[in-house]
Amino acid sequence: QVQLVESGGGVVQPGASLTLSCIVSGGRFSRYQMGWFRQPPGGEREFVASSASIGWSGITAKHSDSVKGRFTVSRDNAKNTLYLQKNNRKSEATAVYFCAAKTSKYINLSHRSANYDYWGQGIQVTVNS
């Protein structure tokens, strides 16, 4: 079975940089479109960023307008790992971050959570206040 495990979360200071990782096993990671979503306490799950592999070595990505310039998604197909890097330009709200895999061959870097087939358990990122 396909399994996704997030790591790198924890308690951070407002505006601090952060890197999250998502290790994928049990599937052909390089063929998956991968996405990051986040959900604040009591709030809705929202799209953050997504990434897909093109050809032998190309990678394409999309970022939500709400986070563009603050978050960067990347992937290492050799390590079956998806990354999400946050810079220190602005403080984010406390949320649980999820990584997800989309198996469809149609590459649209979907922002809809319903289009993703596999999900990690999520990882908490708590921002001190």
Side-chain angles (χ1 to χ4, degrees):
Q1 63 177 7
V2 178
Q3 187 170 358
L4 290 69
V5 180
E6 302 97 339
S7 63
V11 180
V12 300
Q13 295 297 317
S17 60
L18 180 71
T19 299
L20 301 178
S21 300
C22 175
I23 300 177
V24 180
S25 62
R28 298 181 178 180
F29 175 79
S30 63
R31 297 186 179 183
Y32 294 160
Q33 298 173 58
M34 300 294 301
W36 284 105
F37 295 79
R38 65 180 179 181
Q39 185 171 11
E44 300 288 331
R45 184 174 298 182
E46 64 177 350
F47 171 76
V48 177
S50 57
S51 176
S53 297
I54 304 296
W56 289 106
S57 61
I59 297 176
T60 186
K62 181 175 73 176
H63 298 81
S64 169
D65 289 340
S66 65
V67 304
K68 191 174 183 179
R70 307 195 310 277
F71 287 86
T72 301
V73 63
S74 61
R75 64 192 294 158
D76 188 336
N77 288 334
K79 297 181 179 179
N80 292 345
T81 303
L82 180 75
Y83 302 96
L84 183 67
Q85 182 176 338
K86 174 193 175 300
N87 60 31
N88 59 3
R89 294 177 59 186
K90 184 180 179 181
S91 177
E92 308 295 326
T94 293
V96 175
Y97 285 74
F98 299 88
C99 66
K102 179 174 179 288
T103 60
S104 174
K105 293 187 293 184
Y106 177 64
I107 301 176
N108 63 354
L109 301 177
S110 179
H111 63 276
R112 298 182 175 89
S113 61
N115 288 341
Y116 289 81
D117 303 296
Y118 304 103
W119 291 82
Q121 291 295 111
I123 188 165
Q124 178 81 26
V125 178
T126 300
V127 181
N128 279 332
S129 62

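Values below: every heavy atom of this structure, side chains too, minus hydrogens, waters and symmetry copies. All residue numbers in this chain count up from 1 along the given sequence.
- The hydrophobic clustering, which links ILVMFWY residues whose side-chain heavy atoms are closer than 4.5 Å, places Leu109 and Phe29 apart.
- A side-chain donor-acceptor contact under 3.5 Å links Arg89 to the backbone of Gly69.
- At least one donor-acceptor pair closer than 3.5 Å links the side chain of Thr81 to the backbone N or O of Lys79.
- Between the side chains of Asn80 and Ser25, no donor-acceptor pair is found at a separation under 3.5 Å.
- Looking at Glu92 and Arg38, their side chains come closer than 4.5 Å, going by heavy atoms from C-beta outward.
- Of the possible donor and acceptor atoms, none in the side chain of Gln33 sits under 3.5 Å from a partner among the backbone N and O of Ala101.
- Taking the six-membered ring for Trp and the full ring otherwise, Phe47 and Trp36 have centroids separated by 6.0 Å or more.
- Judged by distance alone, with hydrogens and angles left aside, the side-chain atoms of Ser51 form no donor-acceptor pair with the main-chain N or O of Ser74 at under 3.5 Å.
- Using a 4.5 Å cut-off on side-chain heavy atoms (C-beta onward), Tyr32 and Val2 make contact.
- With hydrogens and angles ignored, the 3.5 Å screen pairs no side-chain donor or acceptor of Gln13 with any backbone N or O of Asn128.
- Side-chain polar atoms of Ser110 and Asn115 form a donor-acceptor pair below 3.5 angstrom.
- In this structure, the side chains of Val12 and Thr126 stay at 4.5 Å or more apart for every pair of heavy atoms.
- Proximity of Val96 to Val125: side-chain heavy atoms (C-beta onward) are nowhere separated by under 4.5 Å.
- Gln124 CD: more than 12 foreign heavy atoms inside a 6.0 Å radius.
- Judged by distance alone, the side chain of His63 and the main-chain N or O of Val73 form a donor-acceptor pair under 3.5 Å.
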